[in-house]
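To start, the structure under review is shown below, and the notes come after it.
Each chain gets a letter, A, B and so on, in the order the sequences are listed, and its residues count up from 1.
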Amino acid sequence: MTHILADDLVVVDFETTGLSPDNGDRAIEIGAVRLRNGQPVETFQALMNPGRRVNSFIEQYTGITNQMLADAAPNAEVMEAFLQFLGSDNLLAHNASFDKKFLDAEFLRIDRQYSGQFACSLLTSRRVFDDAPNHKLGTLVSFKNLHQSGNFHRALFDAQMTAKLWVSLLHEVRQQLAIDVIDLALMQTISKASRRDWQLQARKFLTYENAL
DNA sequence: TGCCAGGCCCTCTTTAGGGCCTT
């Protein structure tokens with residue numbers, strides 16, 4: 001059968017004016033890392049001008065100022081370029097429900113669509129790294145001793161750290177299940193499984209998959 | 001004027017409440 005591999009995808013992260021596109025919030029930066037066989041092979045990063053000012057909390061939280069955004073390309077132009085970068089790849093984000101709703105909202109504004117599926121490193125980490133003190137991206141990067149040099153809350157850095165976290169999750173799943181090939185669908189199954197027995201549900205998935 | 005995110009997940013649950021994550 002054909003495998004859709006969990007180590008071939010685009011890791012994406014948005015910085016935004018707030019928490020909800022339904023309340024008018026917009027993306028102000030996008031960062032992305034393309035993984036092939038679990039290795040970063042290409043990156044995408046761009047500030048984008050949403051056409052309105054961001055508040056001081058966002059300036060402090062991200063380090064992205066109104067002055068920086070004044071010189072940036074408009075959202076439509078950046079999102080068009082990102083769609084070209086993304087191609088037909090699948091996607092990953094830390095707390096994917098957040099980044100997916102901004103991706104969907106920004107693409108809807110320019111009448112564009114993407115074909116990839118989302119995976120979520122936050123949900124997966126809650127199962128696989130259940131002994132972590134919490135599941136914030138920064139905590140998990142420290143908890144797994146992942147090499148870091150940069151600033152959290154900037155889109156490309158967060159995407160790069162999420163990519164490293166994902167590779168660490170894939171390594172752990174390979175070890176715990178004693179398998180080599182990991183489908184994206186297996187990771188999605190794990191992310192939706194109950195915390196207590198995700199291994200059992202993963203093995204059921206693998207048994208079913210092998211029977212096809 | 002008054003509203004102000006939402007999906008996931010646990011538990012003192014399911015006729016609900018609240019913490020965790022993302023900006």
Side-chain angles (χ1 to χ4, degrees), chain A residues 9-33 44-69 72 75 78-79 82 91-109 117-144 146 148 150-166 168-169 187-202:
Chain A
L9 40 69
V10 166
V11 187
V12 66
D13 185 79
F14 280 107
E15 305 306 317
T16 70
T17 63
L19 291 172
S20 174
D22 290 342
N23 278 2
D25 287 320
R26 299 294 304 275
I28 58 173
E29 187 184 35
I30 184 169
V33 179
F44 183 98
Q45 184 277 332
L47 292 170
M48 54 187 119
N49 186 339
R52 61 181 183 81
R53 295 181 63 81
V54 300
N55 64 38
S56 58
F57 171 80
I58 294 298
E59 283 192 322
Q60 289 214 330
Y61 186 79
T62 64
I64 299 169
T65 65
N66 283 292
Q67 180 60 53
M68 292 162 69
L69 294 177
N75 286 37
V78 171
M79 293 307 297
F82 177 69
L91 295 121
L92 167 76
H94 196 68
N95 198 10
S97 67
F98 176 84
D99 293 284
K100 182 179 186 300
K101 67 185 178 184
F102 276 96
L103 186 70
D104 290 351
E106 293 294 342
F107 275 156
L108 181 62
R109 284 174 174 270
Q117 307 172 46
F118 261 93
C120 180
S121 56
L122 169 65
L123 295 180
T124 311
S125 171
R126 281 178 174 160
R127 276 71 176 179
V128 177
F129 296 151
D130 64 341
D131 52 344
N134 62 58
H135 294 84
K136 294 176 183 172
L137 179 60
T139 301
L140 291 166
V141 166
S142 298
F143 180 66
K144 299 310 293 182
L146 304 176
Q148 53 177 299
N151 296 318
F152 282 107
H153 309 306
R154 286 301 300 268
L156 181 57
F157 183 75
D158 282 5
Q160 289 170 325
M161 292 302 101
T162 301
K164 287 174 181 275
L165 174 64
W166 188 243
S168 178
L169 283 163
M187 296 303 280
Q188 290 169 322
T189 297
I190 291 170
S191 74
K192 295 174 194 164
S194 67
R195 294 189 189 187
R196 187 162 305 199
D197 64 350
W198 67 266
Q199 292 99 332
L200 178 63
Q201 292 175 59

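Scanning for side-chain contact (heavy atoms from CB on, under 4.5 Å) contacts around Thr189(A) gives Phe205(A), with sequence neighbours left out. By the ring pair (Phe, Tyr, Trp, His ring centres under 6.0 Å) test, Phe82(A) is found to be paired with Phe44(A), residues two or more places apart in sequence or in another chain being considered. When the side-chain hydrogen bond (donor to acceptor under 3.5 Å, both in side chains) test is applied to Ser121(A), the partners found at least two apart in sequence or on another chain are His94(A). Residues satisfying the side-chain hydrogen bond (donor to acceptor under 3.5 Å, both in side chains) test with His135(A), not counting sequence neighbours, are none. Under the salt bridge (charged side-chain N to carboxylate O under 4.0 Å, His left out) criterion, Arg126(A) pairs with no residue at all, not counting sequence neighbours. Under the salt bridge (charged side-chain N to carboxylate O under 4.0 Å, His left out) criterion, Asp104(A) pairs with Lys100(A), not counting sequence neighbours.
For DNA chain B, the neighbouring residues in residues 48-57 of chain A, judged by any heavy atom under 4.0 Å, are Phe57(A).
Place Ile28(A) and Ser20(A) on DNA chain B by their nearest nucleotides, and Ser20(A) ends up nearer the 5' end. Residue Asn23(A) is the one, among Asn23(A) and Ser194(A), whose nearest nucleotide of DNA chain B lies closer to the 5' end (criterion: closest heavy atom).
Nucleotides dT15(B) and dG19(B), compared at atom P, are 22 Å apart to the nearest Å. Annotation: dT23(B) and dG17(B) have their P atoms spaced 29 Å apart (nearest Å). Between dC12(B) and dC8(B), the two P atoms lie 22 Å apart (nearest whole Å). Separating the P atom of dT1(B) from that of dG6(B) is a span of 24 Å, rounded to the nearest Å.
Within the 4.0 angstrom heavy-atom criterion, no nucleotide atom of any strand lies near Thr17(A). Counting non-hydrogen atoms under 4.0 angstrom, Ser191(A) reaches the backbone sugars and phosphates but no base. Using a 4.0 Å heavy-atom criterion, one finds that Leu123(A) contacts the sugar-phosphate atoms exclusively.
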Between the protein and nucleotides 16-22 of chain B, are there any N/O to N/O pairs under 3.5 Å, and if so, what are the atom names and distances?
from	atom 1	to	atom 2	distance (Å)
dC21(B)	OP1	His135(A)	N	2.6
dC21(B)	OP1	His135(A)	ND1	3.4
dC21(B)	O2	Asn95(A)	ND2	3.0
dT22(B)	OP1	Leu137(A)	N	2.8
dT22(B)	O4'	Asn95(A)	ND2	3.0

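Taking atom CZ of residue Phe118(A) and atom P of nucleotide dG7(B), one finds them 15 Å apart after rounding to whole Å. Between Arg196(A) atom CZ and dT11(B) atom C1' the separation is 12 Å, expressed in whole Å. In this structure, Asp130(A) places its CG atom 16 Å from C1' of dC8(B), rounding to the nearest Å. Lys192(A) has its NZ atom 9 Å from the P atom of dC8(B), to the nearest Å.
Aromatic ring orientation, Tyr61(A) versus Phe57(A): parallel (interplanar angle below 30°, classes split at 30° and 60°).
Each salt bridge (charged side-chain N to carboxylate O under 4.0 Å, His left out) pair with one or both residues in residues 44-55 of chain A, not counting sequence neighbours, appears once here: Asp25(A)-Arg52(A).
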### Task
I would like to know whether Leu9(A) and Trp166(A) meet side chain to side chain contact (heavy atoms under 4.5 Å, CB included); could you show each step before the answer?
CA-CA 11 Å; Leu9(A) 40 69; Trp166(A) 188 243; 3.8 Å; yes
